[in-house]
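Shown next, in structure tokens, is the structure this report addresses.
Please read these numbers as outputs of a predicted model, since none were measured by experiment. Numbered from 1 within each chain, the chains take letters A, B, ... in sequence-line order.
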Amino acid sequence: MLDIRLLREDPEAIKARVKTRGGDAWELIDEILVCDEKRRSGETEKQQLQADRNRISKEIGALKRDGKDSSEIEAQVRQIGERIKEIGEEVDAAETRQQDLLLQVPNMPHLECPVGEDETANPTIREWGKQSDFSFKPKDHVEIGADLGLFDFELAAKISGSGFVTFTGAGAKLQRALIQFLLNLHTTEHGYKEVSPPFIINRDCMFGTGQLPKFEDDMYGLEEGAMFLAPTAEVPVTNLYREELLQDPAFPIKTTAYTPCFRREAGSAGRESRGMIRMHQFDKVELVNIVHPEKSYEQLETLTQEAEKVLQLLGLHYRTIELCTGDVGFSSAKTYDIEVWAPGHGGYLEVSSCSNFEDYQARRMKLRFKDEDGKNRFCHTLNGSGTALPRLYVAFIETHQQEDGSILIPEPLQPYMGTDRIPG
RNA sequence: GGAGGGGUGGCAGAGUGGUCGAAUGCGUCGGUCUUGAAAACCGAAGUGCCGCAAGGUACCGUGGGUUCGAAUCCCACCCCCUCUACCA
């Protein structure tokens, strides 16, 4: 949520920045300011009346104690009460409307964020490794999975539907090994605290991280929308800190979690949908940082490197791109995507999205800290996938496949797999 | 799921219609004393909103209601604890 004070100060500048995202959310800003004005003037009047009422009520108390008649001023204060109620309703209506609108306005992209309309304008920041040479034609992950019996889509369709996968045998073990590897890397090398949160999340939290009100259709709702299946661990993990006023925080607060993620992916059928590249349920290890506002951009670089480390250790070629204004997510001010090379697929796959939300989420969820001067300020929040499993899995088996059909397990993963090769 | 108990400031814990934003204790911070520290004593200290400010206003789990006036009475809901049932 944007700071209403900034909006009051310089609405045109903020409109211009929101506008760089495309879309028409910036058009809401004028009405927000009208509501704000209405709310504030009503509030002032209401509070004056309340002060009157409090004063007179005290007089009534005093009269009654003395055994005197107070019926006259009681009638007077009753009238004030009615007026307070009327104005109160107006103020509430303006406030509710203002809040509704404000929740629909996305974050402002960072000033240095490259301006552009869509993903074609995203600059590549760096690359690591290179596209591997094969002395044979590399198979894609669907084929490898079928050949080695690693996973089965039909088996998943039988019990759920399309867009799900069942891992089997060594394939299931590889999935488990990757999760273990990721969590251990982040907890032991990168200083993260591990949590394992619930996957069913209440509605308030969905507002906190910015999934609601705009993206309800992307999620699986339960109990008529009162609860949702977590679309990403970002939601439960960041919301662990909602409505907190951190007294003496040891910034950066770094939390990691493995969770399954549930997404309806409504309307994206057919897009990059072969195999397990886009699923209704997938596993992910998430990295969440809560930081001092002045350190968040520095921390974004660290966070991104922590995610990249995963791919380096697993010997997977990737590139890191910066999202332009038209492509950056709703709540984010700046985002790096990490895309891993999948030789069988013949393209790059997004395995991680590392974002600085600045105080956008913190303001929504009232996450604050007491700063060096004793002032209460909103924290900055960041998160990044560290990493998403299915695409990591895809790149992994496609990159490490051998001509004989086996898959070589790179050394860092061997302790978790208990072998250096999945036989062909 | 059923029965009972409970949700008050950083924590503990009083308060059952009007000088209660809230006693008291612990903890925290500042000061006095001390070579220094401890102890003792004195003092400070919640959050949001409105206001240039002075100040005002709201907040005692959440939302409604009664009343001139609600932490206190009524209703609904949420959460926690104990017992019980069921169950991985």
Check: Quick one: stems for RNA chain B, with Watson-Crick or G-U pairs under 3.5 Å, at least three in a row?
Finding: B:1-7 with B:78-84, B:10-12 with B:24-26, B:28-32 with B:40-44, B:46-50 with B:55-59, B:61-65 with B:73-77
Notebook entry, point to check: Looking at the side chain of A:Val77, which of B:C68, B:G51, B:C49 is the nearest nucleotide?
Noted result: B:C68
Notebook entry, point to check: Using atom C1' of each nucleotide, how far apart are B:C26 and B:A45 to the nearest Å?
Noted result: 15 Å
Notebook entry, point to check: When you measure from the side chain of A:Arg8, which nucleotide among B:C50, B:C49, B:U47 comes out closest?
Noted result: B:C50
Notebook entry, point to check: If we take the P atom in both B:C79 and B:C42, what is their distance in whole Å?
Noted result: 46 Å
Note to self: Looking at A:Lys64, is its backbone amide N or carbonyl O close enough to the side chain of A:Ser70 to form a donor-acceptor pair, meaning the two atoms are under 3.5 Å apart?
What the structure shows: no
Next item on the list: Classify the nucleic acid contact of A:Lys64 as base, sugar-phosphate or nothing, counting any heavy atom under 4.0 Å across all strands shown.
Entry: base
Note to self: Can you identify which nucleotide, out of B:U47, B:G51, B:G18, has its nearest atom closest to the A:Ile60 side chain?
What the structure shows: B:G18
Next item on the list: Pick base, sugar-phosphate or nothing for A:Arg55, based on heavy-atom distances below 4.0 Å to the nucleic acid.
Entry: nothing
Check: Among B:U47, B:C49, B:G51, which is the nearest nucleotide to the side chain of A:Thr44?
Finding: B:G51
Note to self: Using modelled atom types and a 3.5 Å cut-off, is there a donor and acceptor pairing between side-chain atoms of A:Lys370 and backbone atoms of A:Leu245?
What the structure shows: no
Notebook entry, point to check: For atom C1', what is the distance between B:G31 and B:A39, given to the nearest Å?
Noted result: 16 Å
Item checked: Residue closer to the 5' end of RNA chain B, A:Gly374 versus A:Arg78 (nearest nucleotide) -> A:Gly374
Next item on the list: Considering only atom C1', compute the distance from B:G6 to B:A14 and round it to an integer number of Å.
Entry: 15 Å
Next item on the list: Name the closest nucleotide to the A:Asn54 side chain, picking from B:C68, B:U57, B:C49.
Entry: B:U57
Next item on the list: Ignoring hydrogens and angles, answer whether the base of B:G10 and the side-chain atoms of A:Gln247 contain a donor-acceptor pair closer than 3.5 Å.
Entry: no
Next item on the list: Look at the side chain of A:Glu43 and decide which nucleotide, out of B:C50, B:G48, B:G18, has an atom nearest to it.
Entry: B:C50
Next item on the list: Answer whether the closest heavy-atom distance between the side chains of A:Gln175 and A:Tyr393 falls below 4.5 Å.
Entry: yes
Next item on the list: Give a yes/no on whether any side-chain N or O of A:Lys370 is located under 4.0 angstrom from OP1 or OP2 of B:U47.
Entry: yes
Margin query: Of the options B:U47, B:C50, B:C68, whose atoms approach the side-chain atoms of A:Asn376 most closely?
Written below: B:U47
Margin query: From C-beta outward on A:Gln50, which listed nucleotide comes closest to its side chain: B:U47, B:G69, B:A58?
Written below: B:A58
Checklist line | Sugar-phosphate, base or nothing in reach of A:Arg83, heavy atoms under 4.0 Å | finding: nothing
